[in-house]
**Student:** 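Structure in structure tokens, see below.
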Amino acid sequence: MKRSTLIGTIIGAAAVIGIGVTIAMNSGSRKSDNYSVALVTSTGGVDDKSFNQSAWAGIKRFGEKNHMKQGENGFSYLVSNDGSEIKSNLQQAVKAQYKLVVGISFMGGPAMKQVAKTNPNTQFAMVEAQVPYKNAASIMFHSEQSSYLAGVAAAESSKTGKIGFVGGVKGEVIEQFEAGFKAGVLATNPKATFVSQYANTFTDAAKGKTIAAAMYASGVDVIFQAAGATGNGVFAEAKAENQNTTADKKVWVVGVDMDQKQDGNYTTKDGKKANFTLASAIKRVDNAIERVAKQGKDNQFPGGKTVTYGLKEQGVDIARDSMSESAWQATQKAKQQILDGKITVPTKLSAIK
């Protein structure tokens, strides 16, 4: 039996598998008059403290504003436990007659293209991948811009001059994060040492923790993680390191997609409350999806279009979190320079000199 999970929608027979629920969905058993939205997650689930969670927050907000219920004829989500489940989850959402089906991350792009092509009467929205059909809206972000600001913050805050990046799975989208971050670091401190490693997964927190431990042991004192749930392991390792020392010797983590300041709360060796989230490179997936859902409900769905959100569109930004005043001012200066066109942030590592 398939282990994907449709939360809140009970159509047909349900069987418990571990803590998940697999739904046998009958497209003829539900009404389809009302506008409805289903999210098909990338790997990691809606509590990954990253783009899946942000996407679900936007759908929930849309549902609540429009007096929709979570579940049948309202809004719901299907969890993809691994990449192989994305296509079948998209197909299940179509079969359940959701008006808008939302996909997340470049990993789901190929599956979305196949399902959207064969289901022209369903609206699709794809985040971080382009789907060239009239019934699909492609949502992209200038993640390199917020990552550049994170790089400025890291370089301004590092005491060792050694700064790390932990990526999930290599691809164009994650390269945007790394390229922007590295460019910001080196523009601020050309003598900085930049270290990068990929976990080749978005779902293995233990692997993220191991990578972070090795980086911190080598002298890295700031790590930017763009790794989905794998990044939770980076936070776990930073907490373990910092609990055994005083606040002035802490190591830092830069959050991603959502403001992850609360994930950096800890107690120092001498019993003081502190925080190690230096900053968060925010990507407002929630706002973008809420907007597309509203357009669909209002019969203005942007099918066939690619919409890209950057600093100018308030689609990405940097959260101050624990930055010093000087680091914060440096990021704000760089932000204005990007908006004014004085800084063009690279999206490829090959473009960084």
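When a residue number appears, it is its place in the shown sequence, counting from 1. Atoms considered below: every heavy atom in the structure, side chains included; atoms not considered: hydrogens, waters and symmetry mates.
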**Student:** Mark yes when over 12 heavy atoms from residues, nucleotides or ligands other than Gln314 sit less than 6.0 Å from its CD; otherwise mark no.
**Tutor:** no

**Student:** Under a 4.0 Å threshold between the charged nitrogen and the carboxylate oxygen, would Glu290 count as salt-bridged to Lys65?
**Tutor:** yes

**Student:** Does a sphere of radius 6.0 Å around CD in Gln332 hold more than 12 heavy atoms from other residues, nucleotides or ligands, not counting ones at 6.0 Å or beyond?
**Tutor:** yes

**Student:** I'd like to know if the side chain of Ser36 and the backbone of Lys99 have a donor-acceptor N/O pair within less than 3.5 Å.
**Tutor:** yes

**Student:** Please check if atom NZ in Lys348 has more than 12 non-hydrogen atoms from other residues, nucleotides or ligands closer than 6.0 Å.
**Tutor:** yes

**Student:** Ala150 and Ala281: which non-hydrogen atoms are nearest, and at how many Å?
**Tutor:** CB-CB, 4.4 Å

**Student:** In terms of side-chain geometry, is the basic nitrogen of Lys159 or Asp221 positioned less than 4.0 Å from the acidic oxygen of its partner?
**Tutor:** no

**Student:** Counting only heavy atoms from other residues, nucleotides and ligands, does the tally under 6.0 Å from CD of Glu172 exceed 12?
**Tutor:** no

**Student:** If we count only N and O atoms by modelled type, under 3.5 Å, do the side chains of Gln145 and Tyr309 hold a donor and an acceptor together?
**Tutor:** no

**Student:** Is it the case that more than 12 heavy atoms not belonging to Lys239 sit under 6.0 Å from its NZ atom?
**Tutor:** no

**Student:** Could you check whether Lys170 makes a cation-pi contact with Tyr198, meaning its NZ or CZ is under 6.0 Å from the centre of the six-membered ring and within 45° of the ring axis?
**Tutor:** yes

**Student:** Taking everything shown except Lys207 itself, do over 12 heavy atoms lie less than 6.0 Å from its NZ?
**Tutor:** yes

**Student:** Please walk me through it: do Met215 and Val195 pass side chain to side chain contact (heavy atoms under 4.5 Å, CB included)?
**Tutor:** CA-CA 8 Å; Met215 283 191 179; Val195 180; 4.0 Å; yes

**Student:** The test is side chain to side chain contact (heavy atoms under 4.5 Å, CB included); show your working for Val222 and Val254 and say whether it passes.
**Tutor:** CA-CA 7 Å; Val222 185; Val254 176; 4.0 Å; yes

**Student:** Using a 3.5 Å distance criterion without hydrogens, assess whether the side chain of Asn244 forms a donor-acceptor pair with backbone atoms of Ala240.
**Tutor:** yes

**Student:** Kindly assign one of parallel, tilted or perpendicular to the pair Phe276 and Phe235, based on the angle between their ring planes and the thresholds 30° and 60°.
**Tutor:** tilted

**Student:** Would Asp286 and Arg284 pass as an ion pair if we require N to O under 4.0 Å?
**Tutor:** yes

**Student:** Is a donor on one side and an acceptor on the other found under 3.5 Å between the side chain of Gln260 and the backbone of Val256?
**Tutor:** yes

**Student:** So, Lys87 and Gln114: side-chain donor and acceptor under 3.5 Å apart, yes or no?
**Tutor:** yes

**Student:** Consider only side-chain N and O atoms of Thr43 and Asp82, and report whether a donor and an acceptor are under 3.5 Å apart.
**Tutor:** no

**Student:** Phe224 vs Phe165 aromatic rings, parallel, tilted or perpendicular, using cut-offs 30° and 60°?
**Tutor:** perpendicular

**Student:** Applying side chain to side chain donor-acceptor pair (under 3.5 Å), run through Tyr77 and Gln70 and close with a yes or a no.
**Tutor:** CA-CA 9 Å; Tyr77 66 84; Gln70 183 175 338; 5.6 Å; no

**Student:** Give me the ring orientation class for Trp56 and Phe75: parallel if the planes are under 30° apart, tilted from 30 to 60°, perpendicular past 60°.
**Tutor:** tilted

